[in-house]
Amino acid sequence: RENLIRGILGADLVGFHTYDFARHFISAVKRIIDLDFTNLPGGVMGVKYSGREISVLISHVGINSETFLSRIHSKNVQKYVKKLKLRYSNKKVILSIDDLDVVKASYLKLQAFKEYLHKNYSTKNDNIVFVQIILPSTSDNERLSISKLYEKDINQIKNEYGNDVIDVIERSN
């Protein structure tokens, strides 16, 4: 436990999704290596450790729901929805739109879908399709490295469960 905490404190910034997670971390730091949190310059919460100040950040991951809702009703999106409904009329669709980026969750979603199929798929219940719309990443090098991971898993899924359970669409914008 102590080595893990000290290893984490080797970073300049430690981020959490919720206040509760950050509070548990700070509590563990106090219990395990007897350090108190402090308010750092700028009102940031943190810990002083080995002559350094480590910031503790709380940053929710999510979407701007107002922007999302306004785009749902646009003509282009409605046209695309109709196209998807026609294409997959007899299937339950899991739709995901993600950047092809190492730090995004798109690859983890692919892994989760693969695990779902492994645990739940049967030819009697083949009415599901995972439609992954991929937006370009910020870096060509990132895109190439994660594309190879994607291709391997997508091919494995198609070989094991058929071409109709997954559809990956690469978009330019």
Side-chain angles (χ1 to χ4, degrees), residues 11-26 42-46 55-173:
D12 294 325
L13 173 68
V14 181
F16 297 93
H17 291 283
T18 68
Y19 173 77
D20 284 343
F21 295 161
R23 182 175 53 82
H24 289 300
F25 173 72
I26 289 170
V44 175
M45 185 171 45
S55 301
V56 176
L57 175 72
I58 301 160
S59 178
H60 299 287
V61 176
I63 62 170
N64 180 336
S65 57
E66 289 178 18
T67 302
F68 184 75
L69 288 172
S70 71
R71 289 184 180 175
I72 283 176
H73 301 294
S74 74
K75 288 181 182 179
N76 285 342
V77 170
Q78 290 301 311
K79 183 178 171 183
Y80 197 75
V81 167
K82 285 181 184 177
K83 183 177 167 183
L84 287 175
K85 283 182 178 181
L86 282 172
R87 187 172 183 176
Y88 307 111
S89 62
N90 62 338
K91 296 194 177 262
K92 294 178 183 176
V93 176
I94 300 170
L95 176 66
S96 180
I97 303 172
D98 297 288
D99 295 332
L100 185 59
D101 198 321
V102 174
V103 297
K104 304 289 182 181
S106 54
Y107 184 67
L108 295 175
K109 288 178 193 174
L110 182 63
Q111 293 286 307
F113 184 66
K114 190 164 111 176
E115 183 66 19
Y116 167 82
L117 290 172
H118 177 72
K119 289 182 177 179
N120 300 295
Y121 185 81
S122 73
T123 54
K124 296 175 187 169
N125 187 22
D126 63 353
N127 64 339
I128 191 165
V129 62
F130 178 54
V131 178
Q132 173 68 65
I133 299 174
I134 303 267
L135 303 174
S137 70
T138 55
S139 158
D140 285 339
N141 289 337
E142 281 183 3
R143 184 181 53 78
L144 290 174
S145 67
I146 200 161
S147 286
K148 290 178 183 177
L149 288 172
Y150 261 82
E151 276 183 45
K152 178 182 171 217
D153 280 356
I154 290 165
N155 288 335
Q156 185 179 12
I157 289 169
K158 286 182 176 184
N159 288 338
E160 194 166 334
Y161 303 102
N163 290 328
D164 296 338
V165 297
I166 189 165
D167 190 6
V168 179
I169 302 164
E170 292 195 42
R171 304 279 304 219
S172 59
N173 57 16

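Counting from 1, the numbers follow the sequence of the chain as shown.
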How about S96 and D98: does a side-chain donor come under 3.5 Å of a side-chain acceptor? yes

Please determine, by modelled atom types, if Q156 and K114 share a side-chain donor-acceptor pair under 3.5 angstrom. yes

Does any non-hydrogen side-chain atom of [Y] lie less than 4.5 Å from one of [X]?
X: V131; Y: R87; answer: no
X: L84; Y: L95; answer: yes
X: Y116; Y: I94; answer: no
X: I154; Y: Q132; answer: no
X: N90; Y: N127; answer: no

[X] [atom1] to [Y] [atom2] distance, which is reported to the nearest 0.5 Å:
X: I157; Y: K152; atom1: CD1; atom2: NZ; value: 11.5 Å
X: F113; Y: D153; atom1: CZ; atom2: CG; value: 12.0 Å
X: M45; Y: F25; atom1: CE; atom2: CZ; value: 10.0 Å

Sorted by chain and residue number, the salt bridge (Lys or Arg N to Asp or Glu O under 4.0 Å) partners of E66 (sequence neighbours excluded) come out as none

Counterpart residues, ring pair (Phe, Tyr, Trp, His ring centres under 6.0 Å), relative to Y88 (two or more places apart):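 So Y88 forms no ring pair (Phe, Tyr, Trp, His ring centres under 6.0 Å) with any residue.
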
Search all heavy atoms of [X] against all heavy atoms of [Y] and return the closest pair with its distance.
X: T18; Y: I58; result: C-CG2, 3.6 Å
X: I166; Y: V129; result: N-CG2, 3.9 Å
X: F130; Y: K109; result: CZ-CB, 4.3 Å

Just checking H24: does its NE2 atom have more than 12 heavy atoms from other residues, nucleotides or ligands closer to it than 6.0 angstrom?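 Atom NE2 in H24 is crowded, with more than 12 foreign heavy atoms closer than 6.0 Å.
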
Heavy-atom neighbours of Y19 OH exceed 12 at 6.0 Å: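 Open.
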
Is it true that a side-chain atom of Q78 and a backbone atom of I72 form a donor plus acceptor pair closer than 3.5 Å? yes

side-chain hydrogen bond (donor to acceptor under 3.5 Å, both in side chains) partners for D12, two or more places apart: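 Checked D12 against side-chain hydrogen bond (donor to acceptor under 3.5 Å, both in side chains); matches are R52.
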
